[in-house]
Amino acid sequence: MAVNTFTPPRIARLLRGAIAAAAVPLLLTACSSADKTDTVASADAVTIADQWVKAADSGMSAAFGELINSGDTPRTIVSATSPASGRIELHEVATDANGTKAMRPKRGGFVIPAHGRTRLQPGGDHIMFMDLHGPLRTGSETSLTLTFDDGSSTTFTAQVRDFAGNQENYVPEHAGGESHAGAQTPAHGG
Ligand SMILES: [Cu+2]
């Protein structure tokens with residue numbers, strides 16, 4: 001349609017537009033190629049959603065939520081800390097030969113698959129608060145820091161909620177029977 005109007009100023013304007021349009025895809029390419037090198041820290045690739053902590057007066061509690069990995073490689077959480085508990089472990093729930101469910105430290109930590117999710121929930125994997133410094137009251141919040149195997153860490157807050165169902169055996173040392181009545185286990189009001 002503009003075949004007869006190729007005056008020099010018009011061509012220059014067209015060229016300038018073409019160069020500006022080409023610059024945008026170049027920038028996008030640079031960003032996506034950086035992602036593929038896997039230099040992204042795990043803490044930047046993984047987010048948590050729906051996180052919460054079970055209300056408890058003393059002793060033990062647990063945190064739950066959904067871990068979401070937006071990156072191209074699996075990520076692994078190896079430890080956790082919180083000002084609410086002197087010690088925290090990463091637990092799984094297993095069923096023993098007697099059919100009794102008991103929790104235990106999860107070897108290798110929590111793995112979140114590439115572009116996948118790992119759900120921490122009652123009756124399954126959970127972040128175990130082994131030694132509460134004080135009561136966790138319903139409606140309050142506590143902070144929680146997760147550390148990955150690449151050394152990066154992420155801190156978030158989790159709301160304390162009432163939860164009555166799915167009571168696991170939270171003193172695994174007692175799961176084997178009554179023979180260890182005198183074992184050095186944390187006091188457990190229950
Ligand atoms: Cu546990």
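Just follow the structure's listing: the first ligand is 1, and inside any ligand the first atom is 1.
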- Message: Could you go through Thr147 and Ser153, starting from their C-alpha distance and side-chain angles, then the distance that decides it, and tell me whether this counts as side-chain hydrogen bond (donor to acceptor under 3.5 Å, both in side chains)?
- Response: CA-CA 4 Å; Thr147 301; Ser153 63; 4.6 Å; no

- Examine the side chains of Asn69 and His115 and answer whether a donor and an acceptor come within less than 3.5 Å of each other. no

- Task: Restricting to N/O/S, name the atom of His91 that gets closest to the Cu ion (ligand 1).
- Result: ND1

- Task: Specify which N/O/S atom of His126 comes nearest to the Cu ion (ligand 1), by atom name.
- Result: NE2

- Within one Ile-Leu-Val-Met-Phe-Trp-Tyr cluster: Phe163 and Phe64, side-chain cutoff 4.5 Å: yes

- Please state whether the separation between the Cu ion (ligand 1) and some N/O/S atom of Met103 is under 2.8 Å? yes

- ILVMFWY cluster, Phe156 and Val78 together (side-chain gap under 4.5 Å): no

